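As the structure is a prediction and not an experimental result, all values here were calculated from the model. Sequential numbering from 1 along the given sequence is applied to the chain's residues. Indexing begins at 1, ligand by ligand and atom by atom, following the structure's order.
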Amino acid sequence: MRADGVLLRDATADDGRALTEALYSAVNWQGTVRLTRDDIAADPRLSHYVAGWPRPGDLGVVAVSGGEPVGAAWCRTFPPGDPGYGFVAEDVPEVSMGVVPARRGQGTGTALLDGLVTRARARGTRALSLSVEDGNRARVLYERAGFVVVGRSGDSDVMLLDL
Ligand SMILES: CC(C)(COP(=O)(O)OP(=O)(O)OC[C@H]1O[C@@H](n2cnc3c(N)ncnc32)[C@H](O)[C@@H]1OP(=O)(O)O)[C@@H](O)C(=O)NCCC(=O)NCCS
């Protein structure tokens with residue numbers, strides 16, 4: 001547990017809701033509601049990041065404070081016919097993450113990403129990818145963790161961390 005009372009644990013089958021909230025944060029990273037929870041649920045290109053959680057191969061970490069989830073980072077692979085926005089290869093899981101607004105900027109995101117990378121490496125995953133939109137300060141977090149830009153999709157960069 002960290003000094004601010006945030007605890008990190010493995011994501012379980014009961015964390016679908018926590019991940020769905022984190023996905024909502026990630027989609028609306030600019031702070032305005034670009035897409036509602038219903039919009040996200042209705043768009044398979046977004047809902048496939050959490051649909052059916054957990055699927056075989058899924059891996060995730062949840063940050064908890066006072067017994068409540070305050071953030072999550074997880075990764076999932078996608079087939080080429082149903083790629084994520086950060087798709088690189090079928091065997092490279094794509095990372096998603098989000099922290100509740102009140103908890104941002106206090107190290108939780110860094111701890112979550114570190115926790116996910118450590119777990120993925122221990123499992124023998126060869127690399128992790130992600131997609132980050134222009135202007136999102138999350139890019140700093142990813143660069144610090146060692147992710148490098150390997151592609152471009154719309155107004156987002158695709159980043160890769162070789163494990
Ligand atoms: C990105 C996010 C998960 C990082 O979590 P966090 O707990 O704020 O991360 P940390 O406190 O460890 O901060 C690490 C860095 O993230 C960056 N950052 C990104 N968004 C930030 C925010 N809203 N507030 C503060 N820092 C933010 C900063 O560069 C920070 O480094 P610094 O403190 O040296 O300036 C979180 O800000 C968030 O949920 N943002 C909205 C959703 C999102 O963008 N998800 C990723 C989509 S690709």
**Study point:** Heteroatom distance test (Q106, ligand 1): nitrogen or oxygen, under 3.5 angstrom
**Key:** yes

Review point. Would you say W29's side chain and R137's backbone share a donor-acceptor pair under 3.5 angstrom?
Key: no

Check your understanding: Does the pair E90 and F78 meet the rule for a side chain to side chain contact (heavy atoms under 4.5 Å, CB included), with working shown?
Key -> CA-CA 6 Å; E90 204 163 3; F78 296 96; over 6 Å; no

Exercise for review: Would you mind telling me if ligand 1 is within reach of the side chain of Y85, the backbone, both or neither, using heavy atoms under 4.0 Å?
Suggested key: neither

Review point. Just going by heavy-atom distances, which of A111, G109, A26, A138 is nearest to atom 1 (C) of ligand 1?
Key: A138

Point to revise | Set of ring pair (Phe, Tyr, Trp, His ring centres under 6.0 Å) partners for Y85, sequence neighbours left out | key: none

**Study point:** Working for side chain to side chain contact (heavy atoms under 4.5 Å, CB included), residues E94 and L128
**Key:** CA-CA 6 Å; E94 183 176 336; L128 293 171; over 6 Å; no

Exercise for review: Grab the two heavy atoms, one from T108 and one from A63, that are nearest each other, plus how far apart they are.
Suggested key: CG2-CB, 3.6 Å

**Study point:** Contact check, R139 vs ligand 1, heavy-atom distance below 4.0 Å
**Key:** no

Practice item. Determine, using heavy atoms of A22 and all atoms of ligand 1, whether some pair is separated by less than 4.0 Å. Key: no

Point to revise | Evaluation steps, side chain to side chain contact (heavy atoms under 4.5 Å, CB included), between D82 and H48 | key: CA-CA 9 Å; D82 178 31; H48 69 174; 3.0 Å; yes

Check your understanding: Considering only heavy atoms, which of G107, P101, G71, G86 lies nearest to atom 10 (P) of ligand 1?
Key -> G107

Exercise for review: For atom 4 (C) of ligand 1, grab the closest protein heavy atom and report residue, atom and distance to one decimal in Å.
Suggested key: L141 CD2, 3.8 Å

Check your understanding: atom 37 (O) of ligand 1: which protein heavy atom is closest, and how many Å away?
Key -> R104 CD, 3.3 Å

Review point. Is M97 in polar range of ligand 1, meaning some N or O pair under 3.5 Å apart?
Key: yes

Check your understanding: Which protein heavy atom lies closest to atom 42 (C) of ligand 1, and at what distance to 0.1 Å?
Key -> S25 O, 3.3 Å

**Study point:** Closest protein heavy atom to atom 33 (O) of ligand 1, given as residue, atom name and distance to 0.1 Å
**Key:** R144 NH2, 4.7 Å

Review point. Heavy-atom contacts under 4.0 Å between S131 and ligand 1: side chain, backbone, both, or neither?
Key: backbone

Study note, to complete from the structure: re atom 44 (O) of ligand 1, the protein heavy-atom contact at minimum distance is N136 ND2, 2.9 Å

Point to revise | Closest protein heavy atom to atom 8 (O) of ligand 1, given as residue, atom name and distance to 0.1 Å | key: G105 N, 2.8 Å

Review point. Can you tell which of E143, M159, R137, E133 gets a heavy atom nearest to atom 21 (C) of ligand 1?
Key: R137

Practice item. Taking atom CZ of R34 as the centre, report whether more than 12 heavy atoms of other residues, nucleotides or ligands fall under 6.0 Å from it. Key: yes

Practice item. Could you find the nearest protein heavy atom to atom 48 (S) of ligand 1 and give me its residue, atom name and distance? Key: Y142 OH, 3.3 Å

Check your understanding: Where does T110 meet ligand 1, judged by heavy-atom distances below 4.0 Å: at the side chain, the backbone, both, or neither?
Key -> both

Review point. What do the steps show when you test S65 against R103 for side-chain hydrogen bond (donor to acceptor under 3.5 Å, both in side chains), and what is the final call?
Key: CA-CA 10 Å; S65 176; R103 287 279 178 174; 2.7 Å; yes

Study note, to complete from the structure: Taking every heavy atom of R152 against every heavy atom of D157, the minimum-distance pair comes out as NH1-OD1, 2.8 Å

Point to revise | L112 contact mode with ligand 1 (heavy-atom cut-off under 4.0 Å) | key: neither

**Study point:** Presence of salt bridge, D15 and R9, under 4.0 angstrom
**Key:** yes

Point to revise | Protein heavy atom at shortest distance from atom 39 (O) of ligand 1 | key: V99 N, 2.8 Å

